[in-house]
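A short worksheet on the structure shown next.
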Amino acid sequence: PLLLSSLCLFGLGLLFSYYALIPAALNFFLNYSDEVIEPLWSFDQYFEFILVLFYSTGLAFQIPIIQILLGLLNFVSAQQMLGAWRYVILVSTIIGAVLTPSTDPL
């Protein structure tokens with residue numbers, strides 16, 4: 001059952017990426033300051049972008065499977081996971097802010 005649910009979650013991640021993320025990302029990249037620069041993408045760049053988006057979204061949808069495995073292997077209990085959710089949100093927000101590209105000098 002764990003393998004089947006993992007495959008289903010990965011497939012849902014691919015569908016979410018295909019129908020929600022890719023159109024929004026391409027719309028943003030192609031319309032962002034199109035009067036200043038002309039977007040020139042090669043097929044390799046486009047294909048690499050799509051693959052990275054597919055893989056990262058599919059892997060992000062595997063987080064529940066990782067949590068189940070950590071619980072089954074007695075690394076982390078459900079009570080510990082529930083107790084640490086605030087810290088997980090804080091750390092993931094900080095990591096997301098650091099990793100997000102921007103034009104800010106710092």
Side-chain angles (χ1 to χ4, degrees):
L2 200 60
L3 180 63
L4 182 62
S5 60
S6 177
L7 290 174
C8 289
L9 283 174
F10 191 81
L12 284 174
L14 292 180
L15 289 174
F16 178 74
S17 178
Y18 185 76
Y19 287 111
L21 291 182
I22 290 174
L26 289 179
N27 186 26
F28 173 76
F29 285 136
L30 293 177
N31 293 330
Y32 182 71
S33 70
D34 57 350
E35 66 273 355
V36 177
I37 57 171
E38 183 176 336
L40 295 174
W41 282 28
S42 69
F43 179 74
D44 290 338
Q45 291 172 328
Y46 174 78
F47 191 67
E48 182 181 347
F49 173 72
I50 298 298
L51 279 180
V52 166
L53 212 55
F54 273 158
Y55 288 143
S56 60
T57 308
L59 289 176
F61 272 60
Q62 297 297 307
I63 291 175
I65 301 297
I66 294 169
Q67 289 177 320
I68 290 171
L69 286 175
L70 287 174
L72 288 176
L73 297 174
N74 292 326
F75 286 126
V76 181
S77 69
Q79 303 303 330
Q80 289 172 324
M81 284 189 221
L82 284 175
W85 72 270
R86 289 182 185 93
Y87 302 111
V88 171
I89 297 292
L90 177 67
V91 170
S92 62
T93 302
I94 292 170
I95 290 172
V98 168
L99 293 179
T100 302
S102 68
T103 57
D104 297 340
L106 293 175

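None of the values given here were measured: they were computed from a predicted structure. As a basis for the values below, the full set of heavy atoms in this structure was taken, side chains included, without hydrogen atoms, waters or symmetry mates.
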(message) Check whether Ser56 reaches the backbone of Leu53 with its side chain - one donor and one acceptor, N or O, closer than 3.5 Å.
(response) yes
Transitive ILVMFWY side-chain link [X] to [Y], under 4.5 Å:
X: Leu7; Y: Leu15; result: no
X: Leu9; Y: Ile68; result: yes
X: Leu73; Y: Ile63; result: no
X: Phe28; Y: Phe16; result: yes
X: Tyr18; Y: Phe10; result: yes

(request) Flag the pair Ser5 / Leu2 as yes when at least one side-chain heavy-atom distance between them is below 4.5 Å, and no otherwise. (result)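 In contact.
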(message) Using side-chain heavy atoms (C-beta onward) and a distance below 4.5 Å, is Leu14 in contact with Phe61?
(response) no
(message) The test is side-chain contact (heavy atoms from CB on, under 4.5 Å); show your working for Leu69 and Phe75 and say whether it passes.
(response) CA-CA 9 Å; Leu69 286 175; Phe75 286 126; over 6 Å; no
Let me confirm one number: the [atom1]-[atom2] distance from [X] to [Y], rounded to the nearest 0.5 Å.
X: Ile65; Y: Cys8; atom1: CD1; atom2: SG; result: 9.5 Å
X: Leu90; Y: Ile95; atom1: CG; atom2: CD1; result: 9.5 Å
X: Glu48; Y: Leu51; atom1: CD; atom2: CG; result: 8.0 Å

Nearest heavy-atom neighbours spanning [X] and [Y]:
X: Gln67; Y: Met81; result: O-CE, 3.4 Å
X: Gln62; Y: Ser6; result: OE1-OG, 2.6 Å
X: Leu26; Y: Phe49; result: CD2-CE2, 4.0 Å
X: Pro23; Y: Ser17; result: CD-O, 4.3 Å

(message) Can you tell me how the ring of Phe47 sits relative to the ring of Phe43, calling it parallel under 30°, perpendicular over 60° and tilted otherwise?
(response)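 Rings of Phe47 and Phe43: parallel, as their planes differ by under 30°.
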(message) Tell me whether the count of non-hydrogen atoms from other residues, nucleotides or ligands lying under 6.0 Å of CD in Gln80 goes above 12.
(response)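 Yes, the 6.0 Å shell around CD holds more than 12 heavy atoms from other groups.
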